[in-house]
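Structure first, commentary second.
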Protein chains: 2
Amino acid sequence: MTVEEALRILGEKGYKSTGKREALLRLLAREDRYLTAKEALRLMHRDYPDLSFDTIYRNLALFHELGIVHMTEFDGERRYRLRCPIEGHHHHLICLSCGTTQEILACPLDAMWSQPDGFIIAGHKFEVYGYCRSCAEATAH
Amino acid sequence: MTVEEALRILGEKGYKSTGKREALLRLLAREDRYLTAKEALRLMHRDYPDLSFDTIYRNLALFHELGIVHMTEFDGERRYRLRCPIEGHHHHLICLSCGTTQEILACPLDAMWSQPDGFIIAGHKFEVYGYCRSCAEATAH
DNA sequence: CTCAGAATCGGAATGATTCCGTTTTATTGT
DNA sequence: ACAATAAAACGGAATCATTCCGATTCTGAG
């Protein structure tokens, strides 16, 4: 997903184009990792010192609803990142320290099974947590 | 994991045995599904009308630390359930409505790969969400 | 340029979780 | 059984993430 695609989707759905909304998308694209709302606010503070949490949360929720971002939740916080540019469904390794990801191209659901007995599947999550090389090296010192 | 095993672990580690702690373990065993702190408090209210949130949270965190319960987090809440009695590492289908689970005996990590490049794995999560038969039928009416 | 509705602000409200000073309780040694 | 000690529980306040809301500002359509 690129910023341009995201803006096209927003436009098609009738959402207005605002500086802050675009800046948040550009931030997500530039950082290319999972961000919490607090981090996003902090990183945008230089350009938009009056930005409110409400705007961050409202837009991240909107982006998620429109499939522009992925969301995951751990350590009591939600984290968002721009949807990957690669085609098709996949999963991630996630660095617990900085939020960067690596792709896992396989999906365990595809391979797995015989339908479960009477259970209606609505979604799934497969994530591998750990530390990316640069965070691992940083904490080793 | 049975209540007896859990009590043995607690005893070995020097934790005291209290009526509320045991009752919480028995509740987890009886319900046999993911419970939020609020649900646990509500379900214990009849027997312990003065039970405080602090006690629930403190004990659930302790149980988790000792490996007595599993924890997962979604919809902004942490949920706990007694560790399964079956042997070995596995995963779950989780009913979003009532928290009951079905076991998935395979683990995608076992099957999957060539070690990721420079990434140190600390943990992983594979969960399938949906609705169990009885919740699906209940909402259909 | 005007207008309506969308977006934002800022501060309050909510909900989950944690903290803390005080009181109660379980365990250990006598 | 009794006293001492430390863990556990209480309950209410504090914290943290997230959401809500009334008032204000901005975008896009006409």
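In what follows, chains are A, B, ... by sequence order, proteins preceding strands, each numbered from 1.
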Given atom [atom1] of [X] and atom [atom2] of [N], what is their separation to the nearest angstrom?
| X | N | atom1 | atom2 | result |
| --- | --- | --- | --- | --- |
| A/L41 | C/dC9 | CG | C1' | 12 Å |
| B/E22 | D/dA7 | CD | C1' | 15 Å |
| B/R42 | C/dA16 | CZ | C1' | 16 Å |
| A/L60 | C/dA7 | CG | C1' | 15 Å |
| B/E77 | D/dT19 | CD | P | 13 Å |
| A/L25 | C/dA7 | CG | C1' | 15 Å |
| A/N59 | D/dT18 | CG | C1' | 15 Å |
| A/D47 | C/dT8 | CG | C1' | 17 Å |

Should the side chain of B/K20 and the base of D/dA8 be counted as holding a donor-acceptor pair, with the cut-off at 3.5 Å?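 No such pair is found, so the answer is no.
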
[X], nearest nucleotide to its side chain (from [options]):
| X | options | result |
| --- | --- | --- |
| A/A37 | D/dT18, D/dA9, C/dT27 | D/dT18 |
| A/S52 | C/dG10, D/dT27, C/dA16 | C/dG10 |
| A/D50 | D/dT19, C/dG10, C/dA7 | C/dG10 |
| A/K16 | D/dG28, C/dT8, D/dT18 | D/dG28 |
| B/Y57 | D/dA9, C/dA16, C/dT8 | C/dA16 |

Specify the residue among B/T55 and A/Y80 whose closest nucleotide of DNA chain D lies further upstream toward the 5′ end.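 Nearest-nucleotide comparison on DNA chain D picks B/T55.
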
Quick check on DNA chain D: between B/R58 and A/G76, whose nearest nucleotide comes earlier from the 5' end?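 Taking each residue's closest nucleotide, the earlier one in sequence belongs to B/R58.
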
Tell me whether the OP1 or OP2 atom of [N] has a side-chain N or O from [X] closer than 4.0 Å.
| X | N | value |
| --- | --- | --- |
| B/R78 | D/dA17 | no |
| B/T18 | D/dA9 | yes |
| A/K38 | D/dC16 | no |

Looking at side-chain heavy atoms only, is the closest gap between B/V128 and B/H92 below 4.5 Å?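 Answer no - side chains too far apart.
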
Atom CZ of B/R58 and atom CG of B/L24: how far apart are they, to the nearest 0.5 Å?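 So the gap between those two atoms works out to 10.5 Å.
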
Can you measure from CD (B/E127) to OH (B/Y129) and round to the nearest 0.5 angstrom?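 It comes to 3.5 Å.
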
Within the 4.0 Å heavy-atom criterion, would you say A/S17 contacts the bases, only the backbone, or no part of the nucleic acid?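 The answer is sugar-phosphate, as A/S17 gets under 4.0 Å only of primed atoms, P, OP1 or OP2.
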
Please give me the minimum heavy-atom distance between B/A37 and B/L60, naming the atom from each residue.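 Closest approach of B/A37 to B/L60, heavy atoms only: CA-CD1, 4.4 Å.
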
For B/L93 against B/I104, the heavy-atom pair lying closest together: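 So the two residues come closest at N-CD1, 4.0 Å.
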
Is A/R79 reaching over with its side chain to a backbone N or O of A/M71, donor-acceptor style, under 3.5 angstrom?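 Here the side-chain-to-backbone pair does not exist.
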
With a 3.5 Å distance limit and no angle check, can you tell me whether B/R81 reaches the backbone of B/L35 through a side-chain donor-acceptor pair?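 No; judged by distance alone, with no hydrogens or angles, the pair does not exist.
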
Rounding to 10 degrees, work out the angle separating the end axes of the helix from C/dC1-D/dG30 to C/dT30-D/dA1 (five pairs an end).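 Here the local axes at opposite ends form an angle of 30°.
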
Could you say whether B/D54 or B/Y15 is positioned toward the 5' end of DNA chain C, judged by the nucleotide with the nearest heavy atom to each?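 Nearest-nucleotide comparison on DNA chain C picks B/D54.
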
May I ask you to check if B/R133 and A/F119 form a cation-pi contact, with NZ or CZ under 6.0 angstrom from the six-membered ring centre and within 45° of the axis?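 The answer is no, since B/R133 fails at least one limit relative to A/F119.
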
